[in-house]
Structures are given as structure tokens and as C-alpha cells.
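Scroll down for the structure; my scribbles are underneath it.
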Amino acid sequence: MVISTEPFRISSATYIRRIMKRWFSRYLLLFLTALAAFAVLGFAVDAAFFIVALIFLFIISPTALMIVYYYYGLMPRIVMLSSFPVTVSLKLSSDSVTVRTVPEDRPPYEFAIPIARIREINPGDTFDSIVYDSSPSGFVLIDKNAFPSDSSRIQFHNYIFDKIQVNSRS
């Protein structure tokens, strides 16, 4: 049995925001610690450390986010997922989720994510997400309206969630 979505598109801005949010939340404590250290040094040692803190806040942090954008947001997989119509299908016989993009001028691009690699599946208000890797770009967004019906969406999520629960226990 196969549960599949209709072709859908998700903007690249949505993917980039999610990637940056995942990356920044991972390193937020490090950024806040460095900023607090510069502020403490500004009070304790020299007021010039306040300038260093401002440089860190307004130059270093945006530069780091720019590098994240270029490194993760411009990966070929992310570009394909955000530029062309995408179809996601769950093959129950092979226990894998297949993501397929169909460009107009090129052959289709397809990759499979074994359910054993999926870390979490999150239903959302607009987009559902499948997280399959620890890297900031290791996820796939699915338009919740791309499913033929609400029952197929629920079946899709429940099947993956049940398999994840079984894999985490063993």
C-alpha cells in the first residue's frame, strides 16, 4: 500500500527560515554566553568590551547566519525541494518515505528516507515536517493540504510515528 500526496510547492524562504531556526536554536546558548562574557568584561575590565559585544551582536552573528544560509540553504536537495513541485509517498511494503521532485526541464529527482532514519514527524498548522537527520537541513516539509484527505494524512503520520516508537524501544 502507498500513501501519497498531490504535488505541492513550498517556498525557499520557508525552508531557509526553518534551517536558520534549527541552527540558531542549537547554538543560542553559545551566542548568549559569549555576549554575556563581553558584557561582564565591559563592566569589569574596560568599556571597550561593550564595543566588542556590539561587533559580535551586529557583525559576527549576522555573518554566521549568512554562512548557514549559503552552506545549508543552497544545498542541491533544499533547492530542489523549494523550487519544483514535490510529491511525498509512504511505501508500507518497503518502510520508506520517498520524496520526488519533478522539474519541467530535467528528469525527476527522487530520494528515499528509510523510516529507521526518521527521528521525528511533526504535524503543523500549515506544514508537516519529517526530521531525518541532525543537520539543520535534515528535514522535509509537507504541505498539509497536499494529502487527498484528512484520514490519509492521519494514517501517514500514525504509521511513521508507530514505527519510530517501535525503533526507539528496540
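The structure displayed is predicted, hence computed values, not measured ones. Side chains are part of it too, since the values below use all heavy atoms of this structure and drop only hydrogens, waters and symmetry mates.
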To the nearest 0.5 angstrom, please state how far the [atom1] atom of [X] sits from the [atom2] atom of [Y].
X	Y	atom1	atom2	answer
Thr14	Arg9	OG1	CZ	13.5 Å
Arg119	Ile130	CZ	CD1	14.5 Å
Phe127	Asn145	CZ	CG	9.5 Å
Ile160	Gln155	CD1	CD	11.0 Å

Practice task
Could you list all the ring-ring contact (aromatic ring centres under 6.0 Å, His included) pairs where at least one residue sits in residues 77-107, not counting sequence neighbours?
Solution key: none
Problem - Where at least one partner belongs to residues 91-119, residue pairs that pass ring-ring contact (aromatic ring centres under 6.0 Å, His included), sequence neighbours excluded - result: Tyr109-Phe111
Which heavy atom of [X] sits nearest a heavy atom of [Y], and at what distance?
X	Y	answer
Pro108	Pro103	CA-CD, 4.1 Å
Ser137	Ile78	O-CD1, 3.9 Å
Phe139	Ile19	CE2-CG1, 3.6 Å
Gly73	Val79	O-CG2, 4.1 Å
Ile121	Phe156	CD1-CE2, 4.0 Å

Quick one: does any side-chain atom of [X] pair with a main-chain N or O of [Y] as donor and acceptor, under 3.5 Å?
X	Y	result
Lys144	Gly124	no
Thr5	Val88	yes
Ser61	Phe56	yes

Heavy-atom side-chain contact between [X] and [Y] under 4.5 Å:
X	Y	answer
Leu81	Ile10	no
Phe8	Leu141	no
Arg153	Asp128	yes

Please set out all donor-acceptor pairs under 3.5 angstrom arising from side-chain atoms of residues 64-72, sequence neighbours excluded.
none

Quiz: residues 24-50 side-chain donor-acceptor pairs under 3.5 angstrom, not counting sequence neighbours:
from, atom 1, to, atom 2, distance (Å)
Ser25, OG, Lys21, O, 3.0
Ser25, OG, Arg22, O, 3.0
Arg26, NH1, Ser134, O, 3.3
Arg26, NH2, Ser134, O, 2.2
Thr33, OG1, Leu29, O, 2.7

Exercise for the section: Using the test salt bridge (Lys or Arg N to Asp or Glu O under 4.0 Å), find all partners of Arg18 that sit at least two apart in sequence or belong to another chain. Expected result: none
Handout entry: For Asp95, all residues meeting salt bridge (Lys or Arg N to Asp or Glu O under 4.0 Å), sequence neighbours excluded
Key = Lys163
Problem - side chain to side chain contact (heavy atoms under 4.5 Å, CB included) assessment of Ile115 paired with Leu90 - result: CA-CA 9 Å; Ile115 291 184; Leu90 172 63; 3.6 Å; yes
Problem - Option from Ile142, Ile118, Val140, Ile3 for which side-chain contact (heavy atoms from CB on, under 4.5 Å) with Val97 holds - result: Ile118
Handout entry: Single-linkage hydrophobic cluster Val102~Tyr15, side-chain heavy atoms < 4.5 angstrom
Key = no
Exercise for the section: Step through the shown structure and confirm whether more than 12 heavy atoms of other residues, nucleotides or ligands are within 6.0 Å of CG on Asp125. Expected result: no
